[in-house]
Participant: 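One structure is given below, represented as structure tokens, and several questions about it will come after.
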Amino acid sequence: MSGSSVLVFGHRGACGYLPENTIESMELAFEQGADAVEFDVVFTKDGQAIIRHDLDLSSTTDINDHSFLSTKIDQLTKADVSRLRAKERYPDGRVDSASQDGKYFVPTLRQLLANQQFNGKHLIIEIKHGAHFEAIGVDPIQEVKALLKQSDWSNRGMKISLESFEFEFLLRAKLEIGSDINYVFLSARDTLPKGVTELTDELLAEIADNFDAVSVAMSMVLTGDLVARAKKMGLDIYAFTARLETAEGNVEKWFERLVSTGVDGIFADQPDLLLKTVADLT
């Protein structure tokens, strides 16, 4: 643990240092001391769970070096994806990470969960575009449920959290997968219901009635009383994302400001830097 009440979660691993959503990036985050790692799951057209963030794989893989008819994950098979290699999303700003382009494979959720390096660790799984995949005949919830069962995660001392921006989808996931894992509802200003500009007490109450935590865009906790209101309702509250490249002014001072919001956990692209700030404030 980070030695503080503020937990530090590796965002897509330690993606400030290695290409995002690779097993190597996640291993690095844990090596740096992260309390958990977060990663994203999408699905191939044959229903296989793949660790990527976007529907279009152009930004984070070498797919344009291949001759596939589509760059979209839902138009590819698991066999197609196995031919791809990861690359850095921001090559100009993250030169060291970009130097690793082509080195790491694009993992499946099955491969990630089977990694013995993650025994005793906390994994945070974000299912992307759940309703979209259901609409094309994929069953994300049942696929993730089956893979979790096969992984024997509980007997390996692991903790699992599942998160999504889609309220009804996450609610069904909880009903189908069960309450042995934690459920986190994601929110940003542009994902709030139409005409709503903040997470109201009414919305927070609905989240608290159904899920274990809420995770919000950083801008939503830098001002206002959202953190206090969420905690009053018994919710843990997390915020995303702390990253070196988007710090406002001095990096250490910026990270101190993020920690001072009082959130329970922060997702970070450079977990080691945020952990240092947390330790300095302890």
Side-chain angles (χ1 to χ4, degrees), residues 1-18 20 25-26 28-40 53 89-90 92-94 96-97 122 124 126 161 163 165 182 184-192 196-201 203-204 207-208 211-282:
M1 303 297 280
S2 60
S4 166
S5 58
V6 181
L7 301 175
V8 174
F9 307 139
H11 181 238
R12 306 178 198 170
C15 70
Y17 301 108
L18 289 176
E20 67 179 60
S25 181
M26 295 172 212
L28 177 59
F30 281 129
E31 288 170 12
Q32 292 182 347
D35 296 292
V37 297
E38 177 269 354
F39 54 87
D40 308 287
H53 180 273
R89 181 186 292 273
Y90 305 113
D92 294 335
R94 294 175 172 174
D96 287 347
S97 177
H122 181 188
I124 302 172
E126 180 181 348
S161 296
E163 59 182 20
F165 281 99
N182 287 350
V184 182
F185 181 66
L186 295 167
S187 182
R189 294 191 191 280
D190 60 356
T191 65
L192 291 168
V196 177
T197 59
E198 66 173 356
L199 278 174
T200 62
D201 285 348
L203 291 171
L204 283 174
I207 295 167
F211 307 126
D212 302 290
V214 62
S215 185
V216 301
M218 195 66 70
S219 63
M220 297 171 71
V221 298
L222 289 174
T223 59
D225 61 353
L226 176 58
V227 173
R229 290 190 292 113
K231 290 186 175 186
K232 186 176 180 180
M233 293 191 183
L235 281 167
D236 285 340
I237 181 167
Y238 311 132
F240 55 87
T241 306
R243 56 170 62 96
L244 177 66
E245 296 86 355
T246 57
E248 296 182 12
N250 177 271
V251 173
E252 187 171 351
K253 294 296 184 185
W254 175 245
F255 282 1
E256 287 178 2
R257 183 182 175 194
L258 304 187
V259 171
S260 72
T261 61
V263 294
D264 297 293
I266 298 175
F267 295 83
D269 286 6
Q270 293 92 0
D272 59 335
L273 299 183
L274 185 59
L275 282 161
K276 182 180 183 304
T277 299
V278 170
D280 289 345
L281 293 173
T282 301

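Everything numeric in this text was worked out from a predicted model, so none of it was measured. In what follows, residues are counted from 1 in the order of the sequence shown. Note: hydrogens, waters and symmetry copies are ignored here, and every other heavy atom, side chains too, is used.
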Participant: Any chance you could lay out the side-chain contact (heavy atoms from CB on, under 4.5 Å) test for H11 and R243, step after step, and finish with the verdict?
Facilitator: CA-CA 9 Å; H11 181 238; R243 56 170 62 96; 3.8 Å; yes

Participant: Whether the side chain of D225 engages the backbone of A228 through a donor-acceptor N/O pair (distance < 3.5 Å, no angle test) should be reported.
Facilitator: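 Between the backbone of A228 and the side chain of D225 there is no qualifying donor-acceptor contact (under 3.5 Å).
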
Participant: Hey, are the side chains of E248 and R257 touching, using non-hydrogen atoms and a 4.5 Å cut-off?
Facilitator: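 Yes, close enough: below the 4.5 Å cut-off.
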
Participant: Tell me whether K231 is salt-bridged to D236, with the criterion being a basic N under 4.0 Å from an acidic carboxylate O.
Facilitator: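 Between D236 and K231 there is no salt bridge, as every charged N stays at least 4.0 Å from the carboxylate O atoms.
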
Participant: How far apart are the closest heavy atoms of M218 and A242, and which atoms are they?
Facilitator: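 Residues M218 and A242, closest heavy atoms: CE-N, 4.2 Å.
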
Participant: Would you say that I237 contacts L226 through its side chain, given a criterion of any heavy-atom pair below 4.5 Å between the two side chains?
Facilitator: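 Yes, their side chains come closer than 4.5 Å.
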
Participant: Measuring from L199:CG to M220:CE, what's the distance to the nearest 0.5 Å?
Facilitator: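 With rounding to 0.5 Å, CG (L199) is 4.0 Å from CE (M220).
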
Participant: For the pair M233 and D201, evaluate side-chain contact (heavy atoms from CB on, under 4.5 Å) and give the outcome as yes or no after the intermediate values.
Facilitator: CA-CA 9 Å; M233 293 191 183; D201 285 348; 3.7 Å; yes

Participant: Using atom types as modelled and distance alone, determine if a side-chain donor or acceptor of R189 lies under 3.5 Å from a backbone N or O of S219.
Facilitator: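 Pair found, side chain donor or acceptor close to backbone of S219.
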
Participant: If you round to the nearest 0.5 Å, how far is OG of S215 from CD of E38?
Facilitator: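 OG of S215 is found 8.5 Å from CD of E38.
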
Participant: Please examine the side chains of F39 and S25, heavy atoms only from C-beta on, and report whether any two atoms are closer than 4.5 Å.
Facilitator: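 Sidechains of F39 and S25: no contact.
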
Participant: Decide yes or no for L258 and L222: does some side-chain heavy atom of the first lie under 4.5 Å from some side-chain heavy atom of the second?
Facilitator: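 In short, these two side chains touch, coming nearer than 4.5 Å.
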
Participant: Quick one, D264 with S5, criterion side-chain contact (heavy atoms from CB on, under 4.5 Å). Give me CA distance, side-chain angles, the key distance, then yes/no.
Facilitator: CA-CA 7 Å; D264 297 293; S5 58; over 6 Å; no

Participant: Rounded to the nearest 0.5 Å, how far apart are OG of S161 and CG of D212?
Facilitator: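 So the gap between those two atoms works out to 7.5 Å.
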
Participant: Report yes if the side chains of F165 and T191 come closer than 4.5 Å at any heavy-atom pair, otherwise no.
Facilitator: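 The answer is yes; the side chains approach within 4.5 Å.
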
Participant: Identify whether the distance between the nearest side-chain nitrogen and carboxylate oxygen of E245 and R94 falls below 4.0 Å.
Facilitator: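 Salt bridge: yes.
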
Participant: Test side chain to side chain donor-acceptor pair (under 3.5 Å) on Y17 and D269; report intermediate values, then the result.
Facilitator: CA-CA 8 Å; Y17 301 108; D269 286 6; over 6 Å; no

Participant: Just so I know, are the side chains of F9 and I124 near enough to count as touching, which here means a heavy-atom distance under 4.5 Å?
Facilitator: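 Side chain of F9 against side chain of I124, heavy atoms only: contact under 4.5 Å found.
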
Participant: About how many Å separate CG of L235 and NZ of K232, when rounded to the nearest 0.5 Å?
Facilitator: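 So the NZ of K232 and the CG of L235 are separated by 13.5 Å.
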
Participant: Who are the ring pair (Phe, Tyr, Trp, His ring centres under 6.0 Å) partners of F30, not counting sequence neighbours?
Facilitator: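 Counting only residues at least two positions away or on another chain, F30 forms a ring pair (Phe, Tyr, Trp, His ring centres under 6.0 Å) with F118.
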
Participant: Can you give me the closest heavy-atom contact between G262 and V227, atom names plus distance?
Facilitator: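 Nearest heavy atoms, G262 then V227: O-CG1, 3.6 Å.
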
Participant: Could you walk me through whether L274 and V259 pass side-chain contact (heavy atoms from CB on, under 4.5 Å), step by step?
Facilitator: CA-CA 9 Å; L274 185 59; V259 171; 4.0 Å; yes

Participant: Name all residues meeting the ring pair (Phe, Tyr, Trp, His ring centres under 6.0 Å) criterion together with F211; count only those two or more places apart in sequence or in a different chain, and write none if there are none.
Facilitator: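 With sequence neighbours excluded, F211 shows a ring pair (Phe, Tyr, Trp, His ring centres under 6.0 Å) to F167, given in chain and number order.
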
Participant: Look at K276 together with D272 and state whether they make a salt bridge at an N to O cut-off of under 4.0 Å.
Facilitator: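 No, no charged N to carboxylate O under 4.0 Å.
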
Participant: If we only count heavy atoms from C-beta on, is the E126 to H53 side-chain gap below 4.5 Å?
Facilitator: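 With C-beta onward as the side chain, the pair stays apart.
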
Participant: Which pair of non-hydrogen atoms, one from V184 and one from V214, has the smallest distance, and what is that distance?
Facilitator: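 Heavy-atom minimum between the residues: CG1-C, 4.1 Å.
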
Participant: Compare every heavy atom of G10 with every heavy atom of P271, then report the nearest pair and how far apart it is.
Facilitator: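 For P271 versus G10, the nearest heavy atoms are CG-CA, 3.8 Å.
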
Participant: Is there a side-chain contact between I266 and V8 in this structure, where contact means two heavy atoms from C-beta onward sitting under 4.5 Å apart?
Facilitator: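 A side-chain contact is absent here, since even the closest heavy-atom pair is not under 4.5 Å.
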
Participant: Check A213 against I207 and note the closest heavy-atom contact, atom names and distance.
Facilitator: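 A213 and I207 have their closest heavy atoms at O-CG2, 4.2 Å.
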
Participant: Main chain of L244, side chain of Q270: is a donor-acceptor contact present, judged purely on distance under 3.5 Å?
Facilitator: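 Yes, Q270 side chain to L244 backbone: donor-acceptor pair under 3.5 Å.
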
